[in-house]
Amino acid sequence: MDAKRIYLDHAATTPAHPDVVKAMQPYFSDIYGNPSSIHSFGQEAKAALESAREKVVVLINARPDEIVFTSGGTESDNFALTGIVYANEKKGDHIITSKIEHHAVTECADFLAKRGFNVTYLPVDKYGMVDPMDVKKAITDKTVLVSIMHANNEIGTIEPLADIIKIVKEKGVFFHTDAVQTFGHLPIDVNKIKADLLSLSGHKFYGPKGVGALYIRKGTRIVPFLRGGAQESNRRASTENVPGIVGMGAACMIAQAEMATAALRETALRDKLIRGIMEKIPEVTLNGHPTARLPNNVNIAIKYVEGESILLNLDMMGIAASSGSACTSGSLDPSHVLLAIGVPHALAHGSLRMTLGRQTTVSDIDRTIEVLPPIVEKLRAMSPLKKGGK
Ligand SMILES: *Cc1c(COP(=O)(O)O)cnc(C)c1O
């Protein structure tokens with residue numbers, strides 16, 4: 001019998017909760033109408049869509065008409081950035097974001113920069129924190145949008161959003177946050193923090209893949225990203241992904257019920273894993289903030305080894321993690337996030353991310369703490385990086 005496999009890559013994706021799958025099931029071939037159709041088939045689907053919308057808003061204290069369903073976090077980010085800058089072309093051409101955003105934001109900002117918009121990429125401190133004062137200094141009369149993520153997907157750092165937004169709103173500028181890593185995991189109140197736009201994605205909180213949403217504060221003018229039909233109150237064309245949206249609604253209900261206890265439980269497991277690794281492996285450092293950190297995120301830099309090699313060795317032992325570099329994309333560039341927090345190139349290549357989830361157990365953590373040190377020791381013994389008797 002194979003040993004139990006251990007999944008420590010919940011920042012990449014989470015398994016859909018069984019109740020999510022159950023909720024989606026009828027919407028493939030029983031309640032299959034097009035929500036835009038006026039007959040009863042369509043209206044049944046439409047009712048399911050609106051019910052899901054009400055479940056999404058509960059988690060962020062928004063109104064149903066402020067939610068536009070999308071195909072996921074990437075589309076929501078692209079929609080927010082392009083939609084706001086194109087709706088405000090007369091007002092200005094300046095966007096402010098950070099150096100540690102997800103590629104869904106940075107690539108979109110780069111795209112806009114190549115087409116004449118001005119983009120400021122704010123630096124972060126060694127923990128990955130944006131300084132609200134840097135935001136204040138960067139804002140000009142041409143600034144139309146500030147986009148700062150709620151929590152970073154690689155290093156887990158939670159940004160001081162309320163402080164940042166306070167400054168941004170005083171200047172009358174729109175604020176977008178990529179909350180893909182926090183929605184359904186941490187409490188968010190868009191009215192308390194005063195965000196204008198917020199991206200979320202179903203598959204990062206035990207919902208299905210290929211579905212997400214963009215919260216757009218009432219009254220915010222935005223240019224659609226997808227043009228075509230009049231779906232989603234003319235804000236996002238294309239027939240809605242009804243099963244996916246229903247599943248995401250179900251995931252919201254589960255998140256609402258389980259979020260607080262899950263966060264406490266995962267924080268304890270996270271800290272146990274960090275402590276265990278620090279105790280057993282010499283010359284490792286924690287990437288990201290020690291406390292202003294996602295409950296499930298562990299990211300460590302391990303000297304003299306390649307993250308990819310650790311990954312492959314862990315995988316052979318049945319443990320799934322992620323590395324700190326972007327080698328998967330075929331490039332050898334280390335993660336832009338690790339470089340932005342000042343991790344040297346070599347160390348960024350030796351970084352390992354482990355993200356826990358609802359099904360992670362104490363024994364999974366114990367097993368990881370047992371398996372990882374000998375792998376590191378073996379790799380260090382053959383490492384050219386360690387030559388010179390360090
Ligand atoms: C996963 C992720 C995205 C992309 O979401 P998709 O639904 O996979 O498109 C965007 N931002 C962050 C922070 C993420 O973690």
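Both ligands and their constituent atoms are indexed starting at 1 by order of listing. In this chain, residues are counted from 1 in sequence order.
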Run the salt bridge (Lys or Arg N to Asp or Glu O under 4.0 Å) test against [X] and tell me which residues pass, sequence neighbours left out.
X	result
K137	D134
E266	R358
R293	none

### Query
On the ring face of F111, is R115 found with NZ or CZ under 6.0 Å from the centre and within 45° of the axis?
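Output yes; distance and angle both within limits.
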### Message
Would you say the ring centers of Y32 and Y27 fall short of 6.0 Å from each other?
### Response
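Not close enough - the centres of the two rings lie 6.0 Å or further apart.
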### Task
May I ask you to decide whether E54 forms a salt bridge with R63, counting only side-chain N to carboxylate O separations under 4.0 Å?
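Salt bridge absent between E54 and R63.
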Expected rows: ligand 1 N/O, protein N/O, dist below 3.5 Å:
| unit_1 | atom_1 | unit_2 | atom_2 | d |
| --- | --- | --- | --- | --- |
| ligand 1 | 7 (O) | G73 | N | 2.8 |
| ligand 1 | 7 (O) | S201 | OG | 2.6 |
| ligand 1 | 7 (O) | H203 | NE2 | 3.3 |
| ligand 1 | 8 (O) | H203 | NE2 | 2.9 |
| ligand 1 | 9 (O) | G73 | N | 3.4 |
| ligand 1 | 9 (O) | T74 | N | 2.9 |
| ligand 1 | 9 (O) | T74 | OG1 | 2.6 |
| ligand 1 | 11 (N) | D178 | OD1 | 3.4 |
| ligand 1 | 11 (N) | D178 | OD2 | 2.6 |
| ligand 1 | 15 (O) | Q181 | NE2 | 2.7 |
| ligand 1 | 15 (O) | K204 | NZ | 2.8 |

